Every structure is written in structure tokens, then in C-alpha cells.
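Numbers restart at 1 for each chain; the letters A, B, ... are given by sequence-line order, proteins then strands. Note that the structure is a prediction, hence the values are computed from the model and not measured. No hydrogens, no waters, no symmetry mates; every other heavy atom, side chains included, goes into these values.
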Amino acid sequence: MSRTKQMEQKWQQRWEAAHLFEADPDPRREKKMVTFPFPYMNGPLHVGHTFTASRVDAYARFKRMQGYNVLWPWSWHWTGQPLLGASQRVARGDAAYIKVLLEVDGVPEEELKKFVDPLYMAQYYTNEGRMAVKSIGFSVDWRREFTTVMPTFQKFIEWQYKSLKEKGYVTRGTHPVVWCPKDKSPTGDHDRQSGEGVTPEEYILIKYQLSDNIFLPAATFRPETIYGITNMWVNPDVDYVEAEVGSECWIISKEAAEKLTDQERKVVVKRSFKGKELVGKTFTNPITRREFPILPGWFVDPKTATGLVYSVPAHAPYDYLALRDLQQKPEVLAQFGIGMEVVRAIKPISIIKVEGFGEYPAVEIVEQMGIKDQNDAKAEDATKELYKKEFHSGKLKETCGQYAGKSIREVKDVLISDFKKAGFADSMVDLSSQVVCRCMTQCIVKVLSDQWFLNYSDPHWKELAKQVIAQMSIYPEVAKPWFNTVVDWLREWACARTTGFGTPLPWGEGWIIETLSDSTVYMSFYTINKYIRQNDIKPESLTPEIFDYIFLNKGDVKELSKTTGIDSELLVSMRNEFLYWYPFDLRNSAKELVPNHLSFCIFHHAALFPPQFWPKGFGVNGMLMVEGQSMHKSKGNFITMKGAVEKYGADATRCGLLLGAEGMDDPDWRADNVYDLKNKFDGLMTFAESIIVTAKNDDNTALEGWLQSRLQQRIKAVTMALDELKTRTALQTALFETWNDLRWYIQRKGNTSAKVLGGVVKDWLKMLAPFAPFMCEELWSQTGEEGFISVAKWPIYDYAKIDVAAEEQENLVIDVMADTNNILKAMKIEPVKIVYYTAVSWKWQVYLKIVKKTIFGQAKINELMKEFTSDTSLKPHMKAIASMVPKIIKALTKVSGDRKANMVKIGVVDEKTILRDAVKFFNDRFNAEIQVFSESDVKCFDPKGRAAMAIPYQPAIYVE
RNA sequence: GCGGAGGUCGCCCAGCAUGGCCAAAGGCGUAGGACUGAGGCUCCUAUCCCGCAGGGGUUCGUGGGUUCAAAUCCCACCCUCCGCACCA
């Protein structure tokens, strides 16, 4: 077994034996409750889960080290349809699917057989998942674990829905869904063979009159075009029916009649006939009362809406094309006994004014694009383009009655409701393109009646939800407005279904609570599930009154105890546990859950809990990519949590993911990078171990001062970043930046023997512990410290350890090094000898004066010169000063305000001593003889006369 | 289409709120060197272009604009990713 693996197992076992992550209320400590949306158990946990949950774990571990009492519970989502579907595919012997389970998920053959039982399947993945979560080192309190089909949990959901209903948030109504006639259930995107993303769309039916009591309901998305109608199109070859729809008589396609029956319409078909029977007849526009002819159109699809289309050649390219085609084919018309003059007489009627077009936009666009006829593929593009333009910038003309002058955008909804009220229009829903179910059946639209909804449209509820958001911390902050727009945008949500696993709706009738709707406030259940499990509380005891007491302090404990058999002290403990932990402080998920789960969580908390229990914080992160692609089992790039840990180790997996991205950016999993990181960690361990062994002496020079000062800044940065869940920044600083500081120190120092260094390394490990806990525990134990680093005290930024002088001293060395390098590069030589000359004291007087001036704004050369002239001590140097001042001012534009302030604070720096102390360092680095002089030194070696160029913080340099 | 997030020096990605300290942090990769029996381990150096002296030139999706000054502010355009509902 590899060292990594051994180490992981060792610490996992020790944590567990110590019950380290089991959290109980402790009145002396502040708490943090962090959560992760329970994963759905129709498959293994993958690196996407790992990324999101690693952020939670890093935060949890960080807060725990800061002294908080941290609770991180975990559970498993079993309710819903996919588990059932997956199990059925196994039962059916779906070879492709089974292959995925065996190869991607790594399910053993003998287990797979048992997957015909969906609950067995869920249990299998749950067990696997739990092991994976433990092996990656998430600091979870497992005593609160549950699955969503457990009867005790379902009692909680019953309470939730009973409460929501009582408060009026549950309503009943009808709703159109994509429906599989064979499965007799809605067909969601996941259940489709084809037609992903297709949703039912509402067609407006304009009820043109064939006669006084027979209607031709022509379908359109653009009812405003009724003013521009010139004729109607009917497909002569397809079957139409005359049917009683409600109390009216409609002529529609045969298919349409069937569809309407699924849409809560009463349809009685009276007779069936071919479309050609209608061709040549005339009909009346209900609004203008004018008459128009019915013409043959083979492009009319009986499967779309009513199978009747009215023609608006001025604005619809297809209509114009069809008309033009007919005008060129008298023989076709003759077949139907229509005279050529009828068609010739049809002139487009312009009703919309659009910028960039004249009277007849459809005619123009057809000609511009050179579209041949109605079968030309470009006709589709023309239609789209024109529609977009007309919708956004089109204005209705005076021919449009009361709607004249209005833009289409603003008038559309009004117009529809007006038409419906007047009885000119009706509507039906249909699919814009074909949808096929996984069972290979063609789907239809079905309007479900008596459907139960969560009424997210309720303005009062929306308002409450916004109040919840207002008091929350949302990381990153840019996600906050998004939540507000989602709250505005959410409508009624069907919260019950008839198939799949789930909690029966408490008011029965064969409904099951929909799976996104049963996972909105369950975080509160974690607080008490520990007691339910420990005391084996039976589901029947968990009455709604019990939850009312625990969560809302309603009712009398003694009474409740008597009726339910739960000990009253236990009830009080449950109440107290809830009070201690709730509300949760952080819930982190990927951004795809913002418009649903996370927003539902907000709504439901607003509905069920008083403000003191409203969520405190959400974290939102990007979607994990794998080698630049979205991860999919079918793409063969699916990486499980278990597999990643086995291959790269827990620490590298966690850190590899967290270094990928933060905020809402999508992190990218690059296997090579993770592999490198694993090697890096091996190196880090060797590095840290060697320091731990050697750091024994009491050195405390400026270099140690620098190291400690730097560390303080790292501590500050990491702490701040973690507080805002900027896990990438935090890890980057903790791991790489701090490591670089240590490297620099060791190089400059030449050894690793200072005790101070050992102390810094301990703080370094602490900062890394939230990210790479196994490695850090291991190293921590080697430092001789007692206890786990997982609960060691988080380092605190100590201002007293900030050593400005030491930092500036190092900056000088760094700058000198950089300048020397630049010179060497320009000269393209290998140096033999390098000489540095530091500035004399009167230059410091000049320099610091200028620094001060630039801090408080513009440094004016003439003013400065005046001041220097008036200083008699500078008199002998005025010529030099005159040439130096502009140079210094320019150089200072590249210096930060902070550094300038430090320069002023420190005053004159003994550069000669500092550089002389660094001679060995420079010597190693440049592989050349190094000499350091002050320009005032009498025995100065200065063959090129460079010494006089020395400026404070910029020693002159000579190279040969 | 609607809503959200983005496009930075080979790659991943900081910076953009509060314009100047930005040729722009860090990681990866690459090149050279050190260490080593050897090393794909580790360490150092370099990595936009030019420069025999610490300097100069051209960059931050594209095109404009504001400003003494723009990766950062404004406008337009192009491209990528995510969500859009009965589904986890």
C-alpha cells in the first residue's frame, strides 16, 4: 500500500475513533452549521460532487480550527423517478446501460443483478458513497445521516406539506406537460429519446367563420397579424374533422381533435373528410367581417396545432412564397376549380412598420435572400429574422384598429386577452417539435387537471423570499441579484406526481411529493435526527404537532409526550438542539441549483420559519469540467470520487479541484495537474519534515523578522479569503505563496536551523489543513504537537509581528537582484565580478524628502529644488541633485503607496551592511565575485566611475 | 428568445468595484543550470519583442469613446458556458 493510502486510512480511523467531527450543542461555543445538498443516489459520487463538497469541507474545517462548534451533516436523496428508471433499465437488460454501470460505476457483477430492486440499487450507491466521502476526508457527523425514503423523514415532509397547505401556499390547478401516452406519465428531459428541451407552447387560435356556426380555428403565434390576413391555407390531402368542441363546431385536423381531448376539452367528432373539400370556399374574418378564400397549401402540417394556417403574405415569408408559387401554377388551381383571378387578386396587406423595410417586409426579405419557393431552406431563416425584427422594433399601423401605433411587444398580451374575451380567439398547447419517449412512444401535450402546485407566483410569498435573501450572505456576491430575479421569475411549481419514490401527499389521493419539493427545509431535520436514531423514535410518534413543537415552540411538552410516547425531556432536548444549530450558516452548491433547489429553499424557509431561522448563507460555484469538456458517463470522461481518491490521493484530489476555480467560474479537472499536485505534496512532505527535524536554534535576525512578517500577511489573506468562501484564492495563498516565502527565506539564510522557521511551518500546516487534512495531520504529528491539527487553533494575524524594516530590507535585495539580472541579460555575458555602490547620506536626505512629497500628491521639481537650495548642507551637491531629482520622481511612480509610507517610517537604511550580509547569497546566485562599497568609501573599486550614480534603494552596479 | 456568468501574456487563471504602483500575481508547461550513480524527484534561473547597463516598444475578445492616463469607466459588436420547470 502506498504511503499516501496508509496515511489516509490511519487518520480517517483516528478521527473516527476520536468522534472528532461529531458535534453536539455547546453553549460555551459559537456554532456553524454547514450543508451540502444531498446527492441523488442513482449512481456514484463523482468529482463534481467532490468539488462542491470540498468547498464546504474546507470551510467547515477552517471554522472548526477557529474555535467554532461546527456541524456538517450528510444524507442521501432517494426520492424521484430516475432511480426507478435506472433500475428498470437493468431489469430490461439494457446492454449499453449495464455496460456503463459495470465499467464507469465499477459495480460488481453479482451486485448488479440485484439492481432490479431500485431500493437495493440506491442502498448500494449510498454505501459506496459513504465510503467515498469518508475516504476523501470530509468532516461529517454521521450520526445524523438519513435517506429520503425513511419513514421518519417522511413524517417530517408530511409536517412540511401540511403546514404549507394550511398557510395557503399550496394550490390546485391545471397544467400542460409533455406526456407519454404509453407510460401515462410526464416525460421530462431525462426520459426522452429525442426532443430535449422542447416544452409545450401556447398557440393562439383565431376562430374564423366558415359559416354562422362553423369555425376554422387557425393557429398562430402572431395573432396581431389577423389584420393582414389575405387567405387561409388548408392541406388538401390530409384528414380534417368537423367536431363539437365544447359548445361550438370546429373544423380541425384529425390529429388536432385527438390532442384537444387531452387538453381538457370535450370533443365529439361528427364527420371526417379530406382538406380539399374546404379548398375554394370562403370564410369570414370575425373582426373585420371581410371574406377571404381558402387555398391549397401542402406545407400545412396536420400535426401542428389545428392544421389550419392563415396567410399574411406581407409579413410572413412562407405565406408570400406559397402564394407566389400558386400564382405561377394555374393548373393546380384549376384542379380545385379556383379561378386564376381569385389568386391574382390577392395583394399583401401591410400592417407592421419595421425599420429597414418598406410596405411588405416578407416580400422584400424573400427577394433579398433570393428564396426560390416554399421548399427553400432559407425560408425558415427569413421567417426567424423577420419575426425577431418585427417583434422587437415593429409598430402596428393604422390598419390595426385600436392597437395602431403600439409596438408588438407591448400589445401582444393585451390583444390576446381582448380577442379571447370577445370570443374571436381561443388557444391550445402543442409541441414546437417532435418528442419521443425513452420507450419509443411519440409524446403529446397533456393538460393535467387537479394538479397540486406550490404557488411561487404569490406576491406576498415572493416578498418574504426577498426578505430572506436580503439578510443572507451569498458567495460570490454577484449571485445575489440572480436570486432576486429568480424569485421574480418563478411561477407555480407542480409539487406532486403520481410515479417514482417519494412521500405521499398527506392529503392523499395517490399523489407523491415531487422530489425537488421535498428537499427544501430538511436541513432542520439534521438537528434532531440524531435523537430519532439514538432513541429509535418510531415514525408514528412523529406527528405534525411534535414538529410544531420542536421547530415553532407550539403546544405543551407534557401533553405531547403523553400522546406520542416520546419522553418529554427528549422533546426538550430536540427543541434545544434545533435552537442551537438553526439556522444553517452555509449551504453550498453548483450554480445549476440556483433557479430551483436553492431558491425553493429560500421560499420554504420564508413560509415555514420565523426570521431568526432563515438561512444565513449560500455558496454558489461553477460546474465542473473534465479536460475542458462537461462530464458525462456517455462521453467516457466520468470520474468518480472513489476513483479519484484511489488514483491521486484524497489531498491532491481536493486541492486539484479547489485550485480549478472559485466564484461562479467553471473549474476544469486536468488529470495531469492533479497528478503533478500529488507529486508536489510528496515533495512538500519531505520539505516540511526536514525543517521539522532541523529547526532548533534561536536565530532571530532580520531574515526571521521578514519571514514572520510575511507569514502574517499570508494568514490575513487566507483567513479573509476563506471567510468569503474564496477557496481557490485561499488555497493558492496558503500553498504556493507561503511555500515561496519559505523557499526565499531558506535560500537567503542558507540553512533551515532556526526555531522561528519551525514555528512558521506549523502555521503553514494549519493553513493547509482545511484543504489537505491527511498530509497535515501526518506532518503535525511529527512536529511533536499533541492532538489533531483538524482542531488545532487557527493562526491569528498578529500585527506586532509585522516588520516593515525587514520587509524593505528584503525588497532592496530583491530589487538589486532584479536590476543585476536585467543588466546581465542586456549584456549577454557571464559575470566575473559584480560591484554594488550604495548612496551617501545626503542623498537619503533628498530622497526621503521627495518620497514624502509624492505621498501627498504631485512632487513639483521647481518647488523641491527651491527647498534643497535653501538647505546649506546640500549646497556642495546642487548640481548632482538637479540631475537626480527627476530620476527619483520617475522611479517613485513605480512604487506603491504602502511602500512609500514604509520608507518614510524607516528612514535611512544601512544598505551597505544589508548588501554585505547578502554577499554569499549574490555570489551563489550570479556565480561571480561580489563587492559592496559605499560611494563615499575611500578605497572604493570603481573603474567605470559608476559609484556616483547610486541612489537610495537603487545602488549603482558595476559588472565585468 | 429570456435570465445569469464569462472572454487576460502557450495552457489554467488573478487583477477590473475604488483608472496611474500592470508587461500584468500564482500554478502548469517549456528552456537552461544545480544536485545526483541516474532521475520523469527536488532546488535555482529564464519564459511578449528589442536592447553590450538597470532602458524602450507592443499587448489584456473586436471596434469606437471618455481621460494627462484604461486590462480597469462608457457605447456597439462578436464568441463561450450555465439555467429556462414538473426534472435531479
Side-chain angles (χ1 to χ4, degrees), chain A residues 37 39-40 42 77 79-83 175-178 185-191 197 199 384 387-388 391-392 448 451-454 456 476-479 481-483 485-486 488-497 500 514-517 519 590-597 620 622-623 625 628 630 659-668 670 672-673 676-677 679-680 682-683 686-687 728-729 732-733 735-737 740 743 746-747 815-816 818-829 892-900 924-927 944 946 949 954 956-959:
Chain A
Y40 188 73
N42 64 340
H77 206 187
T79 45
Q81 185 72 43
L83 195 48
H175 191 76
V177 294
V178 179
S185 80
T187 312
D189 262 2
H190 309 294
D191 304 326
T199 52
K384 272 193 188 143
Y387 179 68
K388 208 163 107 186
F391 183 77
H392 286 105
L448 296 177
Q451 187 48 270
W452 293 99
F453 294 97
L454 287 165
Y456 294 132
E477 254 179 73
V478 287
W482 189 9
F483 278 100
T485 55
V486 169
D488 283 333
W489 165 89
L490 275 169
R491 309 187 303 265
E492 287 80 0
W493 181 274
C495 62
R497 326 183 24 125
E514 182 271 329
T515 138
L516 285 188
S517 305
S519 52
K591 60 189 174 188
E592 57 175 352
L593 296 191
V594 169
N596 43 68
H597 169 72
V620 179
M623 309 276 297
M625 312 290 276
S630 58
L659 284 172
E662 65 190 6
M664 285 197 278
D665 295 338
D666 299 334
D668 191 7
R670 304 260 166 161
D672 287 351
N673 286 3
D676 286 333
L677 201 56
N679 285 334
K680 239 181 199 356
D682 292 342
T686 319
F687 177 77
R728 185 193 141 91
T729 302
Q732 156 120 350
T733 309
L735 179 58
F736 296 119
E737 316 260 1
N740 285 343
R743 284 195 186 113
I746 292 167
Q747 268 188 65
D815 288 348
V816 165
D819 277 352
T820 310
N821 270 323
N822 194 8
I823 291 167
L824 292 176
K825 206 176 124 201
M827 291 177 71
K828 297 191 172 81
I829 59 161
L892 283 173
T893 58
K894 293 215 166 203
V895 175
S896 75
D898 283 351
R899 268 192 78 180
K900 283 183 198 165
D924 287 350
R925 183 141 309 212
F926 298 119
N927 198 21
K944 284 253 172 96
R946 303 205 78 88
M949 290 172 68
Q954 205 190 91
I957 301 170
Y958 167 74
V959 180

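Distance check on atom C1': G3(B) versus C13(B) gives 26 Å, rounded to whole Å. The gap from the P atom of G33(B) to that of A25(B) amounts to 26 Å, rounded to the nearest Å. Nucleotides G37(B) and G29(B) have their P atoms positioned 26 Å apart, rounded to a whole Å. When the P atom is used for both G20(B) and C11(B), the distance is 26 Å, rounded to whole Å. Rounded to whole Å, the separation between the C1' atoms of C79(B) and A34(B) comes to 46 Å.
The side chain of Trp482(A) has G4(B) as its nearest neighbour among G4(B), A53(B), A88(B). Comparing atom distances between the Lys825(A) side chain and each of A88(B), G27(B), U47(B) picks out U47(B) as nearest. Among the nucleotides C28(B), A53(B), A14(B), the one closest to any side-chain atom of Ala826(A) is A53(B). Comparing A5(B), C28(B), G54(B) against the side chain of Asp676(A) picks out C28(B) as the nearest. Across C81(B), G3(B), G83(B), the shortest atom-to-atom separation from the side chain of Glu592(A) is found for G83(B).
Rounded to a whole Å, the CZ atom of Arg491(A) is 14 Å from the C1' atom of G83(B). Distance Tyr456(A) OH to A85(B) P: 16 Å, rounded to the nearest Å.
Remark: C52(B) base-pairs with no nucleotide in the shown strands. Criterion, Watson-Crick or G-U wobble with two distances under 3.5 Å. Across all strands shown, U66(B) remains unpaired; no Watson-Crick or G-U wobble contact has both distances below 3.5 Å. Nucleotide A5(B) has U80(B) as its partner under the Watson-Crick or G-U criteria, with both atom distances under 3.5 Å. With a cut-off of 3.5 Å on both Watson-Crick or G-U wobble distances, the partner of G10(B) is given as C28(B).
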With salt bridge (charged side-chain N to carboxylate O under 4.0 Å, His left out) as the test, would you mind laying out the steps for Asp668(A) and Arg670(A) before giving the verdict?
CA-CA 6 Å; Asp668(A) 191 7; Arg670(A) 304 260 166 161; 2.7 Å; yes

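At a cut-off of 3.5 angstrom, counting only N and O atoms as typed in the model, there is no donor on one side facing an acceptor on the other between the side-chain of Asn822(A) and the base of G54(B). For Arg728(A) against A14(B), no side-chain N or O and base N or O form a donor-acceptor pair under 3.5 Å.
Sequence order on RNA chain B of the closest nucleotides to Lys944(A) and His77(A) puts Lys944(A) first from the 5' end.
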